[in-house]
Each structure stands twice: as C-alpha cells, then as structure tokens.
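In what follows, a single structure is set out as structure tokens and then discussed.
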Amino acid sequence: MAVMRYSEALRLAMTEEMERDDSVFICGEEVGQYQGTYRVTEGMLSKFGPRRVVDTPISEIGIAGMATGAAMAGLRPIAEFMTWSFALEAMDALVNHAAKITYMSGGRISCPVVFRGPAGVGTQLSAQHSQSLESWFAHTPGFKVVLPSTPEDAKGLLKTAIRDPNPVIFMENAGIYGQRGEVPEDTDFMIPFGQAAVRTEGSDITLISYSNMVLKCLKAAEALEKDGIHCEVIDLRTLVPLDMDTVVKSIQKTHRAVVAHEEWKNVGFGAELASRIYEQAFDYMDAPIERVGGADVPMPYAKNLERAAIPTDLDIIAAVKRALA
Amino acid sequence: MAVMRYSEALRLAMTEEMERDDSVFICGEEVGQYQGTYRVTEGMLSKFGPRRVVDTPISEIGIAGMATGAAMAGLRPIAEFMTWSFALEAMDALVNHAAKITYMSGGRISCPVVFRGPAGVGTQLSAQHSQSLESWFAHTPGFKVVLPSTPEDAKGLLKTAIRDPNPVIFMENAGIYGQRGEVPEDTDFMIPFGQAAVRTEGSDITLISYSNMVLKCLKAAEALEKDGIHCEVIDLRTLVPLDMDTVVKSIQKTHRAVVAHEEWKNVGFGAELASRIYEQAFDYMDAPIERVGGADVPMPYAKNLERAAIPTDLDIIAAVKRALA
Amino acid sequence: MAKTAVKEKSPSDIGLDTLLGHYKTMVLIRRFEESTYRKFREGKMGGYLHRYDGQEALVTALIPQLELPGDKILCTYRDHAHALLCGTSPRAIMAELMGRATGCALGKGGSMHLIDPDNGFLGGDGIVGGPVPISLGVGWALKYKNTKNVCVCYFGDGAMNQGGVHESFNMVGLYKLPVLYILENNQYAMGTSVSRSTGQPDFVKKAEAHGIAGERVDGMDFFTMWDAAKRALARIRETGEAYFLQVDCYRFVGHGVGDDNTQGWKFYRTEGEVHEWMKKDPIVKLGAYLKDAGVLPDELAEKIDQEAIAVVDDAVAFAEASPEPPLDSLYENVYS
Amino acid sequence: MAKTAVKEKSPSDIGLDTLLGHYKTMVLIRRFEESTYRKFREGKMGGYLHRYDGQEALVTALIPQLELPGDKILCTYRDHAHALLCGTSPRAIMAELMGRATGCALGKGGSMHLIDPDNGFLGGDGIVGGPVPISLGVGWALKYKNTKNVCVCYFGDGAMNQGGVHESFNMVGLYKLPVLYILENNQYAMGTSVSRSTGQPDFVKKAEAHGIAGERVDGMDFFTMWDAAKRALARIRETGEAYFLQVDCYRFVGHGVGDDNTQGWKFYRTEGEVHEWMKKDPIVKLGAYLKDAGVLPDELAEKIDQEAIAVVDDAVAFAEASPEPPLDSLYENVYS
Ligand SMILES: Cc1ncc(C[n+]2csc(CCOP(=O)(O)OP(=O)(O)O)c2C)c(N)n1
Ligand SMILES: Cc1ncc(C[n+]2csc(CCOP(=O)(O)OP(=O)(O)O)c2C)c(N)n1
Ligand SMILES: [Mg+2]
Ligand SMILES: [Mg+2]
C-alpha cells in the first residue's frame with residue numbers, strides 16, 4: 001500500500017496497464033506536452049513517447065472516433081475528455097457508434113475503449129462546464145458506467161475498465177483529484193464492476209451514492225451518528241452494471257433510504273435507483289425514499305448561487321431527518 | 001373541427017403560425033423541395049418560399065446553431081431533425097447553447113426556438129435510428145419537452161411551442177403520423193403546456209404515459225375493461241413542465257400505477273415519474289408502481305427481435321395484472 | 001484494334017481474364033441490388049434499403065486491389081456491394097437483409113450494418129459521415145501496429161457537410177495516417193444536390209484544407225477508377241499518408257426504397273438527367289470494351305448474367321429458408 | 001516627418017484625435033486585464049479567467065467601425081475586451097467577473113459569459129467553436145430581416161478544429177450570410193501550437209473550402225487591422241457575403257489564470273518566444289506612432305494610463321461594493 005492522490009492513482013493505473021500491454025494508449029486534449037489539464041497524465045509523455053500519449057486538436061468527435069475506431073481495430077485506447085461537458089460534442093460517436101457496434105455486428109466486433117475525464121462542480125465554472133452526464137450514459141445500453149470515489153477505487157476500477165472488452169464511461173470528479181488515500185501497489189489489483197461498497201454500516205437508514213457525493217454522505221453520517229442516527233453508506237462505484245443486491249440487503253435492514261448525487265435531480269440516476277428499490281423492496285419501505293440532487297438549473301457562476309445549487313452534507317442530513325420523521 | 005392526420009395537424013399548426021408571424025420560419029434537411037422526409041412539411045416551400053422554408057445540408061450542428069442563433073437575434077425558428085436520433089450530432093448546440101443562454105445571460109436573451117421531428121420505433125430501422133431521447137432532454141433544465149399523442153394535441157401543442165419564448169423539444173412519433181382525428185380549425189387554438197389529459201377515467205389503476213404509448217395504454221385499458229378492470233389513462237403531453245397534480249389526484253383514487261414509454265426503461269422518464277409519485281403519494285400506494293419500457297438493448301434489426309424490444313399493450317396488461325395481484 | 005484499345009485504356013496489369021472477372025462482379029452487384037428491391041417490396045425486408053446501381057465501379061475497381069483482411073474497409077449504409085467485394089457471401093448478406101440468424105450480423109444489423117471483420121470489412125454505418133471518425137481510429141491502429149496496411153473509407157457527398165468528417169480529416173492529415181477516402185459523389189444527398197448543399201463544390205479543396213491531398217475521378221469508368229485507386233494505394237503504402245478521391249458517379253435509382261417506390265426522386269431530379277447518366281452505365285461500358293476486345297461474346301454476356309441471377313436466387317432461397325434469430329438473443333451481444 | 005508617417009501608415013479617415021481615443025481604449029483593456037488577474041488571485045473571482053493582453057488591436061481596430069446595436073458581436077470566453085468595446089460599462093463587467101447582482105448577466109454568467117444585447121453584444125461562449133454555429137443563425141436573421149447589418153464572430157485558432165465550425169462555415173457560404181469571421185490566431189490553443197493541431201496551417205484555405213473568401217492579417221499592428229476590418233466590412237455590406245480574417249497575434253500571458261499562476265505556459269512555449277512577440281506589443285507600437293506624430297507626449301501617455309487605472313479601480317470598487325445575487329434568483333431565468 002502507498003498513500004497517494006486520486007489523480008495519482010489514476011495515473012498509476014494507466015501507467016501499469018500501458019507497461020503491461022502495448023495496445024493501450026491514451027489520447028486527448030493536452031494530455032501530453034501540457035502534462036494534462038488536471039495533471040492526471042503528468043510525465044506520461046516523456047515515459048511513453050508520442051506514439052502512446054497523443055495530444056489531439058480540440059476535436060471531441062475526432063477523439064471519440066479515433067478511440068472507437070482504434071478499439072474496433074484491436075487496440076485498447078483510453079480517450080480523455082478535458083471535462084465530460086465537452087463530450088456533448090461527441091455524443092453521436094459515443095452513443096451511436098462506440099456503444100452499439102458490438103450489438104449491431106452480432107457480437108463480431110469488440111470495442112474495448114475507456115472514455116475518461118473529470119466531471120464535478122464547485123469552482124464557479126458556470127453553466128457550460130458543469131454537466132455531469134452519467135444518467136445519459138447509464139440510460140444507453142452498451143456502456144459500462146463507472147464513478148470512483150476513492151484513490152483505491154480510482155486505481156482498481158480504471159484497471160478493470162482498461163481490461164474490459166467494452167466501452168467504459170469512466171467519470172472522475174475534479175473536486176477530489178487531490179484527495180489522498182491508501183492504494184494497493186499490486187499491479188494486478190483490480191476492482192470488479194458491479195460490486196457496490198458498504199462504506200459504513202448502520203441500521204437506521206441507507207444512504208446510496210457514488211463519486212464525490214459518497215464523501216458528503218460519509219460526512220453526513222458522521223454528524224448524524226452524534227445524534228444517534230446510524231446510517232449505512234453505500235458507494236455504488238458502477239452504475240452499469242448496478243449492484244442492487246447490496247442495496248436491497250441494506251434496505252431490508254434499514255427500511256429507509258436517501259439516494260444522492262451532484263447531477264441534476266430531475267430524471268437523474270437517483271430516480272432510477274429509487275424506482276428499483278421500490279420495485280425490489282416495496283414491502284420493506286417505511287417511508288418515501290428521499291432524493292438529493294443538484295438544483296435543476298444551469299449552473300450559475302456566482303459563488304453563493306453555485307453553492308446553493310450543489311447538494312451538500314447538510315442537504316443529506318435534512319433528507320435523512322425527513323425520512324425518519 | 002376537421003378530421004386530419006397527425007402529420008397534417010402539425011403542418012397546419014406551422015402554416016397558421018407562419019401566416020400569423022413573419023418571424024417564424026422552418027429549416028432542416030429535406031423540408032423543402034423533397035417535401036419533407038415524412039411529408040410533414042409537404043407543400044410548404046411552394047407556399048412560403050425559400051426564405052421561410054429552408055433546406056439545409058446534412059449538418060445537424062449547423063441546423064441547431066442556425067435556429068438557436070436566429071432565435072437569439074429575434075426570429076422564431078422551427079428546426080426539424082430528420083429523426084431525433086440525429087440530434088445526437090447537435091447535443092452541444094442544444095444543451096450547452098439553446099437551453100442555457102437565457103440563464104447564462106441573466107435573462108437578457110430569450111431563445112424562442114422549436115426543435116421538432118420524429119422519434120419512434122417499429123419499422124426495423126435498427127440501432128442507430130431508434131433513439132428516443134426525451135429523458136435526456138427532460139433532465140436538462142432550460143428545455144420544455146413536448147410529446148403529443150393525437151392530431152388535436154399535435155396542432156395545439158405545436159402552436160404553443162412556436163409561441164413559447166423558450167427552446168422547446170417537440171418530439172413527434174413517426175408511428176402515428178398517419179393517425180387521424182378531429183382537429184379544431186380555430187387559428188388561436190392552443191393547448192397550454194403542463195396540463196396532462198385524462199384520456200379515460202377509471203378507478204382501479206392509473207396508466208401514465210405519453211406519445212405513441214398512450215394509444216397502447218388505451219388499447220390495454222379497453223381489453224382490461226372486459227375483465228372488469230377499470231383503468232384511468234393519463235397522457236402527460238409535456239414532460240417539462242410536468243403536471244403532477246393530475247397524476248397524484250388519480251393515484252389517490254386508484255392507489256396503483258403503471259408508467260409506460262417506448263424508450264429504454266433504464267434511467268428513462270418512467271423512473272422519474274415513479275419516484276415523484278412515491279414522493280407525493282407514498283401513503284396511497286397499495287402496490288409497487290410497475291414500469292413498462294423498451295428493452296435495454298440497442299434496437300435490433302430483425303423483425304421478431306424488434307417486436308420483442310418494443311413494449312406493447314400486452315406488456316401493459318401484464319404490468320397491470322402484476323400491480324393488481 | 002481491340003488489343004490496342006486495351007493498351008490504351010487498360011492498366012497493363014489487368015489481364016482480360018481478370019477484367020472479365022470484374023465485369024462478372026459488377027453484374028452480380030446489379031442483380032443483387034435489383035433483387036433486394038423486389039424482396040423489400042414483397043415484405044421480406046424492413047427498415048431502409050439503399051442500392052448501389054450505377055456506382056459499381058467504385059468498389060469493383062478498388063477493393064480487389066486491397067490486401068484483405070489486413071487492409072480495412074468502412075462505408076455507409078449503402079453497403080451491399082462493399083460487403084460482396086470484401087468476400088462476404090451473398091447468402092450471409094441476403095440473410096442479414098432479411099433479418100435472419102444466418103446473416104453476417106446475426107440479423108441484428110440489417111441492410112445498413114453489414115459487417116464482416118474476418119474479411120477486413122468493418123461495416124456499413126447508418127449515420128451520415130459516421131465512418132469517417134472511425135476511419136481515423138482504424139488508420140491510427142494500422143500505423144500504431146506498424147503495418148503497411150491501408151484503411152479505405154467510403155462516404156457520400158452529403159457527408160462532406162458533417163462536422164465530424166472535418167475533425168477527422170484534420171487529425172488524419174496531422175498524424176499522417178494511411179487512409180484512402182473515397183467520396184462517393186453521386187450528386188445527391190437524398191433530395192439535395194451538391195450545389196444546394198455546399199458553399200464550395202470542389203471537394204478536393206475540402207480535403208486539402210486539412211492537409212490531405214486528393215484528386216477528382218470519373219467513377220463511371222472502370223479503368224479510370226482502377227488507375228486512380230492503384231496510384232492512390234501505392235502512394236499511401238509508400239508515404240503512409242492519407243489520400244482523397246472525389247469519385248463522380250450517379251445512383252440510377254432513388255435514395256432508398258422509399259423514393260424508389262413513390263417516385264419521390266422526381267421531386268429533385270428529372271428523368272432526362274437520369275437517362276443521361278444511365279448512358280454512362282459502368283457495366284455497359286466495361287462490357288462494350290470486353291466485347292470489342294473479343295472476350296465477351298453475347299452468349300457469354302448472357303451466361304454471366306444468368307450466373308449472377310443464380311447466385312442471387314441461391315442467396316434469396318438460403319435467406320428465406322433461414323430461421324429468424326432466437327428470441328433470447330435479444331439480450332445477447334449488448335456487451336462482449 | 002510625423003505627418004508623412006500618418007499619411008503612409010494610417011488610413012486617411014482616422015484623425016489623430018480619434019486615434020488617440022483608440023489608444024486609450026487599448027490601454028484600458030490592458031489595465032483592466034491586469035487588474036482581473038490580481039483580483040482573481042485575491043480570491044475575488046472564481047472559475048476560469050482568460051486575458052486578452054497582446055490582442056487588443058483585434059477588437060479596438062474593428063468594433064468601433066461597427067453600427068451597434070444593429071450589428072452583432074459574438075466571441076469566445078476570452079471576452080472582456082469585446083464587452084468593453086461594445087460599450088458595456090467596466091463596472092458591469094467587473095461586477096460580473098466577481099459574480100455580483102450588478103453584473104451584466106446578474107452574476108450568473110461570469111467571465112466566460114459576458115453579454116450585453118442592448119449594445120449588440122450577444123456574448124462570450126465557454127465552448128471552443130461555440131459562437132460559430134450561433135453566428136450562422138444571427139447572420140441568417142440579419143439577412144432575413146433585410147437589414148444591412150453584419151454579425152462579427154470572433155473565435156480562436158483551436159476552434160478551427162471543431163466540426164461545428166466547418167458545418168457552419170459551409171452553411172454561411174452556401175446561404176451567403178453577412179458574417180465577418182475573426183480568427184484570433186494567437187498561435188496556441190491552451191498548450192497546443194497551431195502546428196501541432198492542424199494538418200494544414202493556412203486557415204484562409206479552410207474558410208475558402210466552404211466558399212468564404214478571406215485573407216491573413218497582422219493583428220499586432222493597429223493600422224493593418226483597421227484597414228483589413230474596414231475593407232472586409234465594406235465588402236460584406238456591399239455583397240451580403242461572409243468574409244474571413246485570419247488575424248495573427250499572440251497572447252502575452254498564459255491561456256488562463258491557471259497556467260499564469262503555475263507558469264504552466266513554460267511547458268509549451270519559451271520565454272524567448274514570448275519576449276520576441278512582446279516587442280510587437282500593439283499598444284507600444286501605436287503609442288510610438290502617436291508620439292512620433294506629436295500627439296502623445298510622455299505626460300499625456302502617463303495621464304492616459306492613470307485614467308485607465310482610475311476607471312478600472314472604480315469598476316473594482318463598484319463590483320466589490322455590489323451585493324451578491326439574491327439566493328432566490330437561483331431558480332429565476334431558467335425560462336424566459
Ligand atoms: C447524421 C445524419 N443525418 C441525417 C441522416 C439521414 N440520411 C440518411 S442518408 C442521407 C443522405 C446522404 O447522402 P450522401 O452522403 O450523399 O450519401 P448517398 O446516400 O448519396 O450515398 C441522409 C440525409 C443520417 N443518416 N445521419
Ligand atoms: C469543445 C471544447 N473543448 C475543449 C474546451 C477546453 N478549452 C477551453 S479554451 C481551449 C483552448 C482554445 O484555444 P483557441 O481556440 O486557440 O482560443 P484561445 O484560448 O487561444 O483564445 C480549450 C481546449 C472547451 N472549452 N470546449
Ligand atoms: Mg450522395
Ligand atoms: Mg488560440
């Protein structure tokens with residue numbers, strides 16, 4: 001185990017996989033000479049050279065197409081979006097090509113590609129840079145959708161993503177790139193998709209979340225513990241595949257739930273989660289599931305408005321109290 | 001009242017609004033000389049000329065930008081996507097521009113634009129042409145999202161859309177373009193957004209749906225009526241704004257619900273609807289809400305597989321029976 | 001005299017025998033397409049159906065020059081001929097068009113998504129411009145793996161107006177990738193003529209603007225197309241850099257079965273225009289050349305035609321006798 | 001001698017007085033940008049901050065020639081100078097940068113989304129290439145309404161690699177719309193130089209490929225820029241057709257406050273290169289000319305500078321004293 005930042009864990013995962021397998025390469029805007037917009041790929045160009053660390057023009061369709069086509073031709077590309085908001089430019093390449101080629105070909109083509117990059121809000125980047133599109137991707141069959149919340153998961157899940165034979169949507173959170181944690185150094189350390197992690201056990205209510213929001217749930221749980229409220233915090237880690245077993249087992253114990261994410265609440269992933277919980281554990285529910293999500297507005301620039309638009313641990317606490325009322 | 005097809009009702013709405021207001025024009029692929037891919041704009045070029053009925057190259061970003069920019073500069077464009085699947089090309093223009101400019105400008109710019117075109121499945125168009133993206137758009141604040149199910153609604157809602165000062169996502173369904181119905185000839189006939197229609201009253205269960213799926217719900221309701229099961233069928237008509245009052249009132253009476261749509265079930269609009277029903281009427285629910293939706297696979301080509309992927313009235317009937325079991 | 005003509009017009013490396021083979025292929029394509037139309041109208045197929053009638057030389061004078069499966073092919077939804085040329089069996093193609101389990105994509109893709117990776121054919125694509133970003137990645141992979149292979153990417157004149165095409169051209173130009181672009185300039189994108197869809201109709205300039213050299217070629221003439229393809233491929237294999245061919249041609253039928261049926265094509269082109277182009281039918285032209293050269297007497301021409309029809313009929317019979325995909329395959333192949 | 005110089009180098013229609021005014025504007029822009037950087041580092045602003053230092057002539061030698069608000073302006077996130085030139089008050093701009101209720105977008109837009117429709121300024125845009133599709137629509141509307149107005153659309157060299165830009169160029173070329181494109185070719189897109197981002201670096205060819213004529217201009221020289229803009233605008237008003245200016249220039253600072261702070265710009269350019277370009281500082285150059293011409297003695301230069309600083313200080317004071325937007329405005333303006 002070594003202690004490192006979330007962003008360093010990502011770099012370690014990519015570095016290990018690139019050392020292991022020559023067919024892995026990374027492409028994207030400013031991933032090379034500039035050392036990565038968020039320094040995730042720092043040093044990788046000088047280590048691997050321009051064949052394997054490829055700076056691209058500002059051409060998201062091109063990037064997505066390059067990665068998808070290369071995957072169809074047998075490589076294992078990692079394409080970085082500078083932020084996920086810019087993936088809006090490439091939706092056709094992603095959704096109508098990467099996600100479907102395997103199905104359309106009757107399984108004759110595999111498309112082992114990882115699309116990764118930061119999502120996340122909180123530094124006043126305003127409306128156009130604050131999209132977190134995981135619900136769109138989770139809605140689209142053909143993708144796996146992964147959102148790690150810790151350095152350890154960042155490494156373990158990214159390695160699984162790179163070795164997965166399918167297109168993987170890998171969303172990091174810029175707000176936690178600097179977060180430190182223990183990370184296994186084993187080069188075969190991988191975390192399987194579809195296994196949620198129970199971050200804290202508790203008996204009164206289940207908080208279900210992913211990415212950055214898990215940390216806010218843990219903070220809320222800590223505060224609530226002092227009031228004698230025992231929260232079970234579940235980190236989904238992957239939205240597709242989704243580990244409902246862990247969720248349902250917890251609900252059968254707690255009978256109450258809060259689902260939480262930073263992205264817009266309306267038609268967000270929380271809605272799916274709540275619906276599935278009711279479908280699979282209706283008789284256990286003692287209170288309506290509370291959803292916590294981002295305000296349904298384009299992200300405002302002003303600090304105070306932005307703060308009001310992003311859900312916090314306090315919003316989770318309030319939701320828990322409503323659910324227990 | 002006149003009896004006409006759904007597609008004719010759309011044409012009538014556009015024609016009336018273009019006659020009323022010179023700032024309304026239509027642009028899109030094959031809307032003019034070719035008379036519209038689905039003949040929705042048939043005859044309009046010769047009536048209004050190339051200034052107001054504009055054939056475009058196959059450039060969805062250009063089309064979306066043209067309409068958005070023209071709206072920002074004071075016109076009232078109607079942009080047609082040949083099918084909504086091709087809107088994938090234009091997501092940035094739609095989501096990061098049209099939907100946000102009003103908010104980002106602090107309300108100083110209005111963007112009165114209608115994006116319309118067919119969605120819908122069932123004629124073996126296979127994976128890339130079978131997207132129905134309403135859940136994506138409903139997720140994105142700044143859009144209104146409209147899906148008419150009858151010729152009358154097609155006219156009344158499209159006229160409201162054209163006069164609305166905001167970007168409106170107007171999704172037609174190719175499967176019902178030929179459907180006939182009574183349509184008011186009054187040139188000021190409009191249907192306000194945010195008012196669901198109760199298509200059939202019933203006391204046992206509420207079926208909630210929109211677009212083509214409403215017709216399947218009505219068919220299911222008719223069949224179930226023979227078994228003595230009285231369904232209330234609600235047509236949402238607009239997903240944003242959403243008329244939860246009508247839904248909740250019905251649920252308070254029936255205590256059971258099926259939500260249904262053709263698009264992929266996973267993270268579809270049905271999840272949002274179910275979640276909101278629980279949030280607003282938890283204590284009334286006697287059984288889990290049943291969701292009916294498209295199979296979570298890219299649309300297959302083969303007729304039998306396609307049929308299996310698209311939800312039918314029989315699926316609704318089965319869902320009703322489960323909910324009543 | 002015939003011999004002289006061969007010397008004059010035919011590249012020296014195509015023997016008359018081989019040429020006869022290419023002629024057969026073109027006849028097969030034509031008969032295949034005609035039959036798909038009939039089968040569509042009989043209700044044996046669904047979705048869209050886009051025929052290649054008139055454009056046969058674009059594939060027949062190029063794909064045989066490739067080294068498949070090392071070289072790769074991408075194309076549009078107008079893809080039956082490409083599949084045939086790559087070596088996909090007519091049976092597997094016809095079965096795919098009828099949505100059968102024996103189709104080259106197990107019935108899941110249909111007409112727009114024929115595919116056969118074992119033969120280097122990475123598929124048709126239902127999205128206008130769609131294959132071009134993919135070609136960038138395929139070209140990248142070919143270079144990355146240090147092969148001498150080429151990716152050939154076909155797309156339509158309408159696709160030149162797709163942004164993704166320009167992004168990809170630029171990156172292919174920047175990275176110097178071994179891609180041969182074939183612009184199937186059949187003059188129309190559905191109902192929109194080239195002059196109604198572009199601010200500047202010289203497509204070669206559009207490629208050059210991104211650093212991809214190119215030229216304009218008459219795609220109605222087999223030899224011209226063959227020579228251009230040959231030079232282009234040699235150049236790409238030598239330099240490793242992309243090349244662009246604007247191939248002028250014409251589709252004799254409607255955009256798809258839709259405007260074939262309804263004669264909707266009359267909205268955007270005249271019968272006179274169609275007939276003018278039909279005079280340049282590449283099959284008739286090559287046939288006349290072979291006849292002149294003394295190797296295609298009428299009886300042989302007739303025989304070749306009958307053989308083509310027999311191949312197509314066999315494919316149809318095979319497809320019709322094939323089972324639909326099993327219902328439980330609905331959820332298969334979403335993931336690898 | 002000075003007079004001769006004026007005749008030689010200055011377009012006859014700019015009197016020295018007016019020229020002095022433009023010089024003042026450029027000084028104001030520079031001082032404004034410097035101050036935003038300080039305020040950002042003080043934590044008074046968030047998000048990104050993109051400065052225009054070095055590129056002042058691109059707005060100052062063009063926007064005063066427009067007929068605002070009938071003419072329209074669109075630009076990138078590097079938009080403070082554009083707003084100033086359109087006549088947005090420095091107070092409203094600074095307040096927007098600080099996210100205050102008195103900002104030109106009520107604090108909702110921030111640095112990348114300055115906007116002022118009353119003055120014809122339709123806004124900055126955070127998306128690379130984003131303004132170009134919008135310019136197509138604005139140009140369409142200007143023509144549709146039968147005005148003689150022009151839409152001026154600024155965008156960066158990096159944006160030339162966005163597909164939407166090409167789709168829009170083609171449509172603007174096809175429909176012949178009154179748009180003036182200003183390619184702010186400051187040599188870099190973040191850390192990527194032009195030569196590392198394009199397969200073909202002559203941007204004029206990229207515009208011409210879509211039927212938009214254009215030329216290359218030295219944007220470090222006020223007069224060259226003025227003349228080019230003047231000719232271009234006259235041409236557009238006369239023909240109704242778009243025109244393209246590739247304006248070569250340089251940003252003296254980092255891409256954004258991020259690489260300013262960290263000296264991240266050293267990853268992609270040398271200090272030597274920056275200093276070479278700084279020698280061409282358009283403000284210094286115009287200042288020298290005016291000094292030569294006898295109208296800008298040192299004391300006046302100093303006074304102009306002090307006045308600029310005073311305007312900026314006033315804007316800062318105003319912004320700092322302004323309230324944050326009310327919390328309940330969070331849900332306002334989602335819809336009109
Ligand atoms: C992005 C996108 N927009 C629109 C369509 C609908 N469409 C299918 S084919 C076609 C015309 C394409 O013309 P061209 O590229 O010239 O190819 P051709 O059909 O002539 O071979 C259109 C508009 C589509 N499939 N994809
Ligand atoms: C579509 C998109 N991709 C990436 C970015 C991130 N980004 C912001 S500015 C920039 C560089 C743009 O360079 P250029 O167009 O030359 O303009 P400049 O900043 O030099 O004025 C990048 C990559 C973005 N905002 N939008
Ligand atoms: Mg064509
Ligand atoms: Mg630049």
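Lettering of chains follows the sequences in order, A, B, ..., and the numbering in each one begins at 1. Computed over heavy atoms, backbone and side chain alike; hydrogens, waters and symmetry mates excluded.
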Looking at Lys100(B) and Ala127(A), would you say the former's side chain and the latter's main chain have a donor-acceptor pair under 3.5 Å?
yes

For Lys265(A), is there an ion pair with Glu272(B) - N to carboxylate O distance below 4.0 angstrom?
no

Below 4.5 Å, heavy-atom pairs only: which of Val297(A), Leu133(A), Leu242(A) has the largest tally toward chain B?
Val297(A)

Part of Glu290(B) lying under 4.5 Å from any heavy atom of chain A:
neither

Please state whether the rings of Phe282(B) and Tyr278(A) are parallel, tilted or perpendicular, taking 30° and 60° as the class boundaries.
tilted

What's the separation between atom CD1 in Ile101(B) and atom CD in Gln128(A), rounded to the nearest 0.5 Å?
7.5 Å

Just verifying a value: how many Å separate Ser275(B) OG and Arg291(A) CZ, rounded to the nearest 0.5 Å?
4.5 Å

Shortest non-hydrogen separation from Pro141(A) to Asp296(B) and the atoms involved
CB-O, 3.3 Å

Backbone of Leu88(B) reached by a side-chain donor or acceptor of Asn96(A) within 3.5 Å
no

Relative to chain A, which segment of Thr102(B) carries a heavy atom at a distance below 4.5 Å: side chain, backbone, both, or neither?
neither

Taken to the nearest 0.5 Å, the spacing of Trp136(A) CH2 from Phe137(B) CZ works out to 6.5 Å

Relative to chain B, which segment of Ala287(A) carries a heavy atom at a distance below 4.5 Å: side chain, backbone, both, or neither?
backbone

Please rank Met285(A), Met104(A), Glu279(A) by heavy-atom pairs under 4.5 Å with chain B and give me the top one.
Glu279(A)

To the nearest 0.5 angstrom, please state how far the CD1 atom of Ile61(B) sits from the CD atom of Glu89(A).
6.5 Å

Donor-acceptor contact present, side-chain His139(A) to main-chain Ser135(B), <3.5 Å:
no

So, does Asn266(B) use its side chain to make a donor-acceptor pair with the main chain of Ala138(A) at under 3.5 Å?
yes

